[in-house]
2 protein chains.
Amino acid sequence: MARKRFDDSNCSVARALNEVGDWWSLLIVLHAMYGTRRFVDFQQQLGIAKNILCDRLSKLVDNEVLRKVEAGEHGSRFEYRLTEKGRDLFPVVVALRQWGDKWNPAPDGKQLDLRDRATGQPIQPVSVCNSDGEPLTIRDVLVADDLKAAKDAG
Amino acid sequence: MARKRFDDSNCSVARALNEVGDWWSLLIVLHAMYGTRRFVDFQQQLGIAKNILCDRLSKLVDNEVLRKVEAGEHGSRFEYRLTEKGRDLFPVVVALRQWGDKWNPAPDGKQLDLRDRATGQPIQPVSVCNSDGEPLTIRDVLVADDLKAAKDAG
DNA sequence: CGAATAGGGTTGCATTATGAAACCAATTTG
DNA sequence: CAAATTGGTTTCATAATGCAACCCTATTCG
């Protein structure tokens, strides 16, 4: 049967996964963050089939994660650029990347080395922080009045 | 043809997506974080088909995101619990949830309300921070020596 | 005790999604 | 002008998904 969709789920993670939760979408966003903008460049860098890339790009555009703009003088050349919504996925992507680096390190041990453009200093690990900026684990937090709702949300 | 796999990709995001990048896995982890441990509870809360749930749970166990432990006195009852690797997905899940709350808010406007267990204060938005704890956007960072590698990694 | 029920799966089958490659129209480039 | 690029669409074989129906082992209920 049809793949289950979560458009109307009252779980925001489910709704988020509905937009960027498939195999390719987040990778496309990642490469867009690295500066990729053209159809062919996405295709070559990701090794994705053209029809799937078409589908994903148009869905990301529909969901306003990317914006399709005409490039080249006479049209029929396009660029796909991140919207603010798309750029806002930055912490998600970095968190995922750091998790991957930590638990499935690359064979060559290479890790993400993001630096503050202003200072040249490496960034901190992405973490959930309290109001004092102290990192918290899942055991240090509680869900206010939301746990039950989330549980039967699906 | 076979769905493309990223096991051997030298992009850690791709490798991470290989483990938790499908429709269900992150939702299972999310519910595990909310306290769900039993097969039937996952099934009912997520509305997932039993065979898919079986498959995902065993893959998550294989990837050491979950641990399958015998529960109940006489065996044949199990619990699926997060490992440290699984718990380490906390920032990813929270970041994704905050993104969903911001850009696809629930109809009832309900948002995640995570609080520091110690103080009762709400947590901060998950963000990429510099060494001083200041949040950075994607435009404030640069990728040290990694950009080219990531671009042709796929 | 016997039957019903719940937990945790597996199997079959119909429906979708995915990937590779071919094909196409409009632009650029040589 | 011919050839290659860009951005797609179409076709077809294969893999993943969802539903329902079973199975087997406990436990609970009458």
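Letters A, B, ... mirror the listed sequences (proteins, then strands); counts begin at 1. Quantities reported herein were computed from a predicted structural model and do not represent experimental measurements.
Inter-residue side-chain proximity for V29(A) and V92(A) is flagged as unmet; no heavy-atom pair is nearer than 4.5 Å. Considering only heavy atoms from C-beta on, F90(B) comes within 4.5 Å of L114(B) through its side chain. Counting heavy atoms from C-beta on, the side chains of S25(B) and L60(B) come closer than 4.5 Å. Considering only heavy atoms from C-beta on, V143(B) comes within 4.5 Å of Y34(A) through its side chain. At a threshold of 4.5 Å between non-hydrogen side-chain atoms, the residues R77(B) and E70(B) do not count as touching.
Atom CD1 of I28(B) and atom P of dG8(C) are 14 Å apart (whole Å). The interatomic distance linking F39(A) (CZ) with dT27(C) (P) rounds to 17 Å, in whole Å. Distance, K50(B) NZ to dC13(C) C1': 17 Å, rounded to whole Å. Put simply, CD on E79(A) is 13 Å from P on dG8(D), counting in whole angstrom units. Atom-to-atom, CD1 of I48(A) to P of dT18(C) comes out at 9 Å; the value is rounded to the nearest Å. Following rounding to the nearest Å, F78(A) (CZ) and dA25(C) (P) show an atom-to-atom distance of 17 Å. The distance from atom CD of Q44(A) to atom P of dA4(D) is 16 Å, rounded to the nearest whole Å. The CH2 atom of W23(B) sits 13 Å away from the C1' atom of dT18(C) (whole-angstrom rounding).
At the phosphate of dG7(C), neither OP1 nor OP2 sits under 4.0 Å from any side-chain N or O atom of Y80(B). Within the 4.0 Å cut-off from OP1 or OP2 of dG9(C), at least one side-chain nitrogen or oxygen of K68(B) is found. At dT5(D), none of the side-chain N or O atoms of R77(A) fall inside 4.0 Å of OP1 or OP2 (strictly under the cut-off). An OP1 or OP2 oxygen of dG19(C) is reached within less than 4.0 angstrom by a side-chain nitrogen or oxygen of W24(A).
Of the candidates dT9(D), dT18(C), dT17(D), dT18(C) carries the atom nearest the R56(A) side chain, counting heavy atoms from C-beta on. With distances taken from any side-chain atom of N51(B) to the nucleotides dA20(D), dG7(D), dA20(C), the minimum falls on dA20(D).
No contact: F42(B) has no heavy atom under 4.0 Å from any strand.
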